[in-house]
Amino acid sequence: MTAIHTIERFIFDEQPDTAHGDFTNLLYDIALAAKLIAYKTNRAGLVDILGRVGATNIQGEVQQKLDVFADEMIVRICDHTGRLCAMASEEREDIIRIPKEYKKGSYVLVFDPLDGSSNIDVNVSIGTIFGIYRCIDWHLRGRVEDVLQPPRKLVAAGYILFGASTMMVYSTGSGVHGFTLDLELGEFLLSHQNMRLPDPPAYYSVNHAYFENWPPAVQAYARWLQGQNGDDAPTLSSRYIGSLVADFHRNLLRGGVFFYPAEKGKPNGKIRLLYEAGPLAFLIDQAGGYASDGHRPILDIVPSDLHQRVPFYIGNRALVEKAEYFLRQGNY
Ligand code: AHG
Ligand code: MN
Ligand code: MN
């Protein structure tokens, strides 16, 4: 019989000897928020939660109720535990400070509370993405500088996928592990230990509707992925959901590349460095893959703005490096 590991047990067993419990408990907190968001998401069609709130977020996009719910749930679970000194959410303009009445801890949480919001109303997979940093200076902890760290400094990252089943996938720097929520037990159970990107890869994922807006080098790369261009072209099929977490998760299990390049009118593409690209870059590195902005590793980019966007190529190393090759040739 195979052993059954709950996420709590696994996090505890995996913690380094130096851990004092804060980090471990922070991951539990996120797993708890994940269960609450999963519960709400699964009921989305049943209660009056669908439809837009009407307010627009800092990105200029219309916020939907589940975005607000997920954002508030994470903040409410994490702001008073004494484990964090600051948070930053895709849905909020400024960093989230720890209220004065609570103790400040040493960790920093960055998150995209609900990724793939255009898919909420149509019953397609959505997700939550998170990353955890340590504060730069204990005495000054809680400043915006603690948030604006390059993704290489992450001490953990992960996502929750609200799909056919709910999964939490995370890494603390020793492999990527996936847990599936057992709805009857209310527990995440270890289902995917030490996930590695398969090779050869199966898929490429991009929004082809923007093809005419891409620089010629990106167009040439897309043709190469389709096998139209070059002797070394891979044999890939195409999949694109429009929820980054879901596209990433599928490609992690099957191998492939996801990209959201720079385009006319969007010089940095759409994906946010802090809440999306950074945490996923940390995970793909741990799974044996690579993430790039087309020129350099995402892990090395120092954010200068909380909501900065970045051209994004992520997946099997050979496929991502080929994008860098095309962009170099095209001088982009
Ligand atoms: P969010 O819902 O957090 O704003 O993110 C949406 C992102 C990402 O999930 C997805 O990959 C991308 O938007 C899809 O954008 P297009 O519709 O332009 O392809
Ligand atoms: Mn998102
Ligand atoms: Mn979002």
Side-chain angles (χ1 to χ4, degrees), residues 33-34 37 40-41 44 50 52-53 55-75 87-93 96 109-131 151 157-163 169 203-214 218 222 238-252 256-281 283-284 291 293 298 306-315:
I37 299 168
K40 197 78 163 180
T41 308
L50 293 184
R52 301 168 195 287
V53 164
T56 50
N57 71 8
I58 178 70
Q59 318 285 347
E61 299 153 337
V62 177
Q63 267 191 40
Q64 295 177 299
K65 282 185 181 173
L66 275 176
D67 299 54
V68 178
F69 174 84
D71 176 81
E72 283 177 358
M73 191 51 68
I74 293 169
V75 173
M87 289 179 261
S89 161
E90 182 200 84
E91 296 296 332
R92 305 200 188 199
E93 188 166 358
I96 305 161
L109 179 67
V110 296
F111 58 97
D112 177 355
L114 213 65
D115 171 69
S117 36
S118 69
N119 281 326
I120 294 173
D121 289 359
V122 292
N123 208 355
V124 170
S125 300
I126 48 182
T128 297
I129 309 174
F130 67 91
Y159 59 83
I160 300 106
L161 172 66
F162 309 104
V169 175
Y203 300 124
Y204 77 94
S205 313
V206 70
N207 190 335
H208 269 290
Y210 307 134
F211 187 89
E212 292 305 327
N213 297 337
W214 296 338
V218 176
S238 146
R239 293 281 189 282
Y240 190 76
I241 295 170
S243 293
L244 177 58
V245 169
D247 278 309
F248 178 88
H249 183 73
R250 183 205 52 244
N251 287 3
L252 177 61
V257 61
F258 171 98
F259 60 111
Y260 205 117
E263 60 181 62
K264 230 179 274 163
K266 283 193 218 164
N268 295 312
K270 181 177 184 189
I271 304 302
R272 295 87 169 167
L273 176 57
L274 214 51
Y275 317 107
E276 299 176 314
L280 296 184
L283 289 174
I284 210 75
D293 70 349
I298 294 285
L306 286 178
H307 297 286
Q308 121 186 29
R309 298 172 192 265
V310 69
F312 191 41
Y313 299 80
I314 189 165

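Remember, it's 1-based here, ligands and their atoms both numbered in the order they're listed. What you see is a predicted model; the values in this text were computed from it and never measured.
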Undergrad: Can you confirm whether or not the ring centre of F248 sits under 6.0 Å from the ring centre of Y159?
TA: yes
Undergrad: Any nitrogen or oxygen of S118, side chain or backbone, less than 3.5 Å from one on ligand 1?
TA: no
Undergrad: Just give me the atom name: the N, O or S atom of E276 closest to the Mn ion (ligand 2).
TA: OE2
Undergrad: Sort by chain and number the protein N/O/S atoms that are closer than 2.8 Å to the Mn ion (ligand 3), and list them.
TA: E90 OE1, D112 OD1, L114 O
Undergrad: Test your reading of the structure: does I271 have an N or O sitting under 3.5 Å from an N or O of ligand 1?
TA: no
Undergrad: Supply the atom-to-atom distance I271 CD1 to Q308 CD, rounded to the nearest 0.5 angstrom.
TA: 13.5 Å
Undergrad: Can you check whether K266 has an N/O within less than 3.5 Å of an N/O in ligand 1?
TA: no
Undergrad: Does S243 come within less than 4.0 Å of ligand 1, judged by its heavy atoms?
TA: yes
Undergrad: Contact between ligand 1 and Y240 is defined here as a heavy atom of the residue under 4.0 Å from a ligand atom; is it met?
TA: yes
Undergrad: Please list, in number order, the atoms of ligand 1 under 4.0 Å from a heavy atom of L114.
TA: 2 (O), 3 (O)
Undergrad: Who passes side chain to side chain donor-acceptor pair (under 3.5 Å) against D71, sequence neighbours left out?
TA: S89, R92
Undergrad: Do the rings of Y204 and H208 sit parallel, tilted or perpendicular, given the 30° and 60° boundaries?
TA: perpendicular
Undergrad: Does Y210, backbone or side chain, put an N or O under 3.5 Å from an N or O of ligand 1?
TA: yes
Undergrad: May I ask you to check if ligand 1 and F258 share an N or O to N or O distance below 3.5 Å?
TA: no
Undergrad: Taking the six-membered ring of Y210 as reference, does the NZ or CZ atom of K270 fall below 6.0 Å from its centre and within a 45° cone about the axis?
TA: no
